[in-house]
Colleague: 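Got a structure for you, questions after.
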Amino acid sequence: VQLQASGGGLVQAGGSLRLSCAASGRTFSVYNMGWFRQAPGKEREFVAAISGSGYSTYYADSVKGRFTIPRDNAKNTVYLQMNSLKPEDTAVYYCAAGGIRTLTALYGYDYWGQGTLVTVSS
């Protein structure tokens, strides 16, 4: 499966942004999907994940209550709705597909998008 992330940009602290990740192929619903981010000088970290059915979601403590991860299997797309953004949310955000072994760690995912940059100004 190929993934294309989009929607990044510059936003002020307290603002909102919605990232999209479009997947190719006709078996999108079998994949658990995740969002990860990598800030300058830091390792890539888990942000949020959703099961293939959409019934289960998981969030990093740092974004819980501010971010949501809906998916639309009819459109082969997963989103990351980011509200109440903080400067520390600044990072390149990556979507990933797979998550069979685990949904909250990088090694659990088999396919990665190219990343989209989110910059939150204070």
Side-chain angles (χ1 to χ4, degrees):
V1 61
Q2 293 185 322
L3 305 174
Q4 180 72 40
S6 62
L10 174 64
V11 63
Q12 288 188 334
S16 297
L17 209 58
R18 188 179 80 161
L19 307 183
S20 299
C21 177
S24 64
R26 294 180 292 179
T27 58
F28 178 69
S29 62
V30 306
Y31 291 103
N32 298 323
M33 298 295 296
W35 285 97
F36 291 77
R37 67 186 182 187
Q38 187 166 17
K42 295 187 177 181
E43 295 186 349
R44 195 172 299 187
E45 64 177 6
F46 168 74
V47 176
I50 186 168
S51 62
S53 64
Y55 289 144
S56 299
T57 55
Y58 307 84
Y59 297 95
D61 288 342
S62 58
V63 307
K64 203 169 293 184
R66 300 187 297 122
F67 291 10
T68 59
I69 182 171
R71 68 187 293 163
D72 186 338
N73 286 345
K75 294 183 178 180
N76 283 12
T77 302
V78 64
Y79 306 94
L80 185 67
Q81 178 65 45
M82 305 184 292
N83 300 325
S84 302
L85 282 161
K86 305 175 181 180
E88 51 263 43
D89 294 319
T90 295
V92 176
Y93 284 72
Y94 299 88
C95 61
I100 300 301
R101 290 165 289 175
T102 173
L103 275 78
T104 61
L106 277 74
Y107 71 84
Y109 290 84
D110 302 306
Y111 306 99
W112 292 84
Q114 85 289 1
T116 184
L117 176 63
V118 172
T119 303
V120 184
S121 64
S122 57

Colleague: At what distance, to the nearest 0.5 angstrom, does CG of D89 lie from CZ of R66?
Modeller: 4.0 Å

Colleague: Atom OG of S122 and atom CD of Q12: how far apart are they, to the nearest 0.5 Å?
Modeller: 9.5 Å

Colleague: Around atom CD of Q2, are there more than 12 heavy atoms from other residues, nucleotides or ligands closer than 6.0 Å?
Modeller: no

Colleague: If we ignore hydrogens and angles and just use 3.5 Å, is the side chain of N32 paired with the main-chain N or O of R101 as donor and acceptor?
Modeller: no

Colleague: Would you mind listing the cluster partners of L10? Hydrophobic ones only (ILVMFWY), side-chain contacts under 4.5 Å, chaining allowed.
Modeller: none

Colleague: If you link I, L, V, M, F, W and Y whenever their side-chain heavy atoms are under 4.5 Å apart, who else ends up in the same group as V63?
Modeller: V1, L3, V11, L17, L19, F28, V30, Y31, M33, W35, V47, I50, Y59, F67, I69, V78, L80, M82, L85, Y93, Y111, V118, V120

Colleague: So does G54 get a backbone contact from the side chain of R71, meaning a donor-acceptor N/O pair under 3.5 Å?
Modeller: no

Colleague: Is there side-chain contact between D72 and Y79, with at least one heavy-atom pair below 4.5 Å?
Modeller: yes

Colleague: Under the side-chain contact (heavy atoms from CB on, under 4.5 Å) criterion, do S20 and K75 qualify, and how do the steps go?
Modeller: CA-CA 11 Å; S20 299; K75 294 183 178 180; over 6 Å; no

Colleague: Looking only at heavy atoms, what is the nearest atom pair of Q4 and Q114, with distance?
Modeller: NE2-NE2, 3.0 Å

Colleague: Can you name the side chain to side chain contact (heavy atoms under 4.5 Å, CB included) partners of Q81, sequence neighbours left out?
Modeller: S16, R18, T68, N83

Colleague: List the steps and the verdict of side-chain contact (heavy atoms from CB on, under 4.5 Å) for Y58 and T102.
Modeller: CA-CA 11 Å; Y58 307 84; T102 173; over 6 Å; no

Colleague: Are any side-chain N or O atoms of Y109 and backbone N or O atoms of L103, one a donor and one an acceptor, separated by less than 3.5 Å?
Modeller: yes

Colleague: Is any side-chain heavy atom of L106 closer than 4.5 Å to a side-chain heavy atom of Y94?
Modeller: no

Colleague: Can you see which heavy atom on N73 is nearest to which on S29, and at what distance?
Modeller: ND2-CB, 3.5 Å

Colleague: Could you give the distance from OG1 (T104) to CD (E45), rounded to the nearest 0.5 Å?
Modeller: 12.5 Å

Colleague: May I ask you to decide whether K64 forms a salt bridge with D61, counting only side-chain N to carboxylate O separations under 4.0 Å?
Modeller: yes

